[in-house]
Q: 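Before I ask anything, let me first share the structure, which is written out below as structure tokens.
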Amino acid sequence: MEDGAAIWRIARDSEVLDLNSSYSYLLWCRDFASTSVVARDENGDVIAFVTGYLRPDRPQTLVVWQVAVDQAHRGKGLAATLLDALTTRVTADQGLVGVETTVTPDNTASDRLFTSYALRHDVALEREVLFDSGLFPEEAHLPEVLYRIGPFHA
């Protein structure tokens, strides 16, 4: 739970992610620690994170909620390393058939991250609009495109 504030700050400073309340990040660190991961620098400070959860109706599907890397540590492959580490851990702990996430059409960094993840693991990647723009209360929200990655090979 001690990482919640740092994760919130990284999400805020990303200027790309939808920022949730600081309270929600504390809850996330408590309730979804087994399906989330952080990276720390040499001083032990959180510099990147991947948050996720297992879908209640598909418990072998990991939904990646947010991925962010502190600006000073970007461009080093840290997000990919964390995503690989998280899916390896979840596979070992609970089994994993696939990964899902949503990406807005303007988020090229996330598109590259998840496309390269599917290629690295030699699994299919399907895309379809999950939440159309009209579903969001804010007028300017872009659609959220569902990335469905898998199934993973046994």
Side-chain angles (χ1 to χ4, degrees), residues 3-39 46 48-71 73-75 77-91 94-153:
D3 296 330
I7 288 171
W8 178 85
R9 282 191 289 279
I10 293 169
R12 178 199 62 199
D13 296 346
S14 76
E15 298 180 354
V16 176
L17 296 177
D18 286 338
L19 185 63
N20 301 294
S21 72
S22 56
Y23 176 75
S24 70
Y25 289 91
L26 294 172
L27 282 175
W28 202 279
C29 289
R30 183 191 73 172
D31 294 343
F32 300 111
S34 67
T35 53
S36 300
V37 66
V38 299
V46 176
F49 70 88
V50 177
T51 54
Y53 64 91
L54 296 174
R55 280 190 58 181
D57 61 336
R58 293 185 186 165
Q60 289 187 307
T61 298
L62 175 69
V63 176
V64 175
W65 181 257
Q66 290 187 319
V67 178
V69 177
D70 180 78
Q71 189 161 349
H73 299 276
R74 291 182 188 156
L78 193 51
T81 299
L82 285 178
L83 186 57
D84 285 345
L86 177 59
T87 56
T88 297
R89 185 178 78 206
V90 173
T91 298
Q94 292 146 282
L96 196 60
V97 172
V99 172
E100 292 183 352
T101 194
T102 62
V103 178
T104 55
D106 65 340
N107 192 336
T108 56
S110 287
D111 176 68
R112 281 194 306 265
L113 173 67
F114 289 102
T115 299
S116 67
Y117 176 85
L119 289 170
R120 224 175 20 262
H121 293 275
D122 191 31
V123 294
L125 167 59
E126 299 174 0
R127 296 176 183 90
E128 66 182 83
V129 173
L130 180 63
F131 300 121
D132 190 73
S133 298
L135 293 174
F136 292 95
E138 323 83 277
E139 289 182 25
H141 201 294
L142 293 173
E144 292 283 349
V145 178
L146 175 65
Y147 284 49
R148 196 176 279 124
I149 303 168
F152 293 106
H153 309 293

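Just the heavy atoms: all of them, side chains too, but no hydrogens, waters or symmetry mates, feed the values below. None of these values were measured; they are calculated from a predicted model.
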Q: Considering residues at least two apart in sequence or located in another chain, which fulfil the side chain to side chain donor-acceptor pair (under 3.5 Å) criterion with Thr101?
A: none
Q: Looking at every heavy atom in both Ala68 and Leu17, which two are closest together, and how far apart are they?
A: CB-CD1, 3.7 Å
Q: Determine whether Leu125 and Phe114 make a side-chain contact, defined as any pair of heavy atoms from C-beta on separated by less than 4.5 Å.
A: no
Q: After noting the C-alpha distance and the side-chain angles of Trp8 and Leu19, does the key distance pass the side-chain contact (heavy atoms from CB on, under 4.5 Å) rule?
A: CA-CA 8 Å; Trp8 178 85; Leu19 185 63; 3.5 Å; yes
Q: If you apply the rule side-chain contact (heavy atoms from CB on, under 4.5 Å), what do you find for Tyr53 with Asp31, and how did you get there?
A: CA-CA 9 Å; Tyr53 64 91; Asp31 294 343; over 6 Å; no
Q: Shortest non-hydrogen contact from Ala11 to Ser14?
A: O-OG, 2.7 Å
Q: With sequence neighbours excluded, tell me which residues meet side chain to side chain donor-acceptor pair (under 3.5 Å) with Asp70.
A: none
Q: Would you name the heavy atoms of Cys29 and Ile7 that are closest together and state the gap between them?
A: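 Shortest heavy-atom separation between Cys29 and Ile7 comes out as SG-CD1, 3.6 Å.
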Q: Can you list everything that forms a ring pair (Phe, Tyr, Trp, His ring centres under 6.0 Å) with Phe131? Sequence neighbours excluded, please.
A: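 In terms of ring pair (Phe, Tyr, Trp, His ring centres under 6.0 Å), with neighbours along the sequence ignored, Phe131 is linked to no residue.
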Q: For His121, what residues pass the ring pair (Phe, Tyr, Trp, His ring centres under 6.0 Å) criterion, not counting sequence neighbours?
A: Tyr117
Q: Can you find a pair of side-chain heavy atoms, one from Leu86 and one from Leu62, that are under 4.5 Å apart?
A: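 In contact.
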Q: Scan for salt bridge (charged side-chain N to carboxylate O under 4.0 Å, His left out) pairs involving residues 130-142, sequence neighbours excluded, and state none if there are none.
A: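 Listed by first then second residue: nothing to list.
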Q: Is there a side-chain contact between Pro105 and Pro143, using heavy atoms and a 4.5 Å cut-off?
A: yes
Q: Hey, can you tell me if Tyr25 and Phe49 have their rings parallel, tilted or perpendicular (30° and 60° cut-offs)?
A: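 Perpendicular: the ring planes of Tyr25 and Phe49 meet at over 60°.
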Q: Report the residues that fulfil side chain to side chain contact (heavy atoms under 4.5 Å, CB included) with Pro151, sequence neighbours left out, ordered by chain and then residue number.
A: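 In terms of side chain to side chain contact (heavy atoms under 4.5 Å, CB included), with neighbours along the sequence ignored, Pro151 is linked to Val97.
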Q: Using the test side chain to side chain donor-acceptor pair (under 3.5 Å), find all partners of Thr61 that sit at least two apart in sequence or belong to another chain.
A: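 So Thr61 forms no side chain to side chain donor-acceptor pair (under 3.5 Å) with any residue.
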Q: Please report the shortest heavy-atom distance between Leu142 and Ser133, naming the atom on each side.
A: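 For Leu142 versus Ser133, the nearest heavy atoms are C-OG, 3.6 Å.
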Q: Can you pull out every salt bridge (charged side-chain N to carboxylate O under 4.0 Å, His left out) where at least one residue sits in residues 96-123? Sequence neighbours excluded, please.
A: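 Of all non-adjacent pairs touching residues 96-123, those that pass salt bridge (charged side-chain N to carboxylate O under 4.0 Å, His left out) are Arg55-Glu100, Arg58-Glu100, Asp84-Arg120, Glu100-Arg148, Asp111-Arg127.
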Q: Any side-chain heavy atom of Phe152 within less than 4.5 Å of one from Val99?
A: yes
Q: Strictly by salt bridge (charged side-chain N to carboxylate O under 4.0 Å, His left out), give each pair with a member in residues 16-27 just once, sequence neighbours left out.
A: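 Found none.
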Q: Kindly write out the residues that satisfy side chain to side chain contact (heavy atoms under 4.5 Å, CB included) with Gln71, not counting sequence neighbours, or none if the list is empty.
A: Arg74
Q: I'd like to check Leu27 versus Phe32 (side-chain heavy atoms, cut-off strictly below 4.5 Å). Are they in contact?
A: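 Result no, sub-4.5 Å side-chain heavy-atom pair not found.
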Q: Name all residues meeting the side chain to side chain donor-acceptor pair (under 3.5 Å) criterion together with Thr102; count only those two or more places apart in sequence or in a different chain, and write none if there are none.
A: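 Listed in chain order: Glu144.
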Q: Under the side chain to side chain contact (heavy atoms under 4.5 Å, CB included) rule, collect the residues that match up with Ala39, sequence neighbours excluded.
A: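 Listed in chain order: Ile47, Ala48, Leu78, Leu82.
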Q: Any non-hydrogen side-chain atom of Leu54 less than 4.5 Å from a side-chain atom of Val90?
A: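 Of all side-chain heavy-atom pairs linking Val90 with Leu54, at least one is under 4.5 Å.
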Q: At what distance, to the nearest 0.5 angstrom, does CG of Asp3 lie from OG of Ser36?
A: 10.5 Å
Q: Hey, what do you get for OG1 (Thr88) to CG (Leu83), rounding to the nearest 0.5 Å?
A: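 Answer rounded to 0.5 Å: 9.0 Å.
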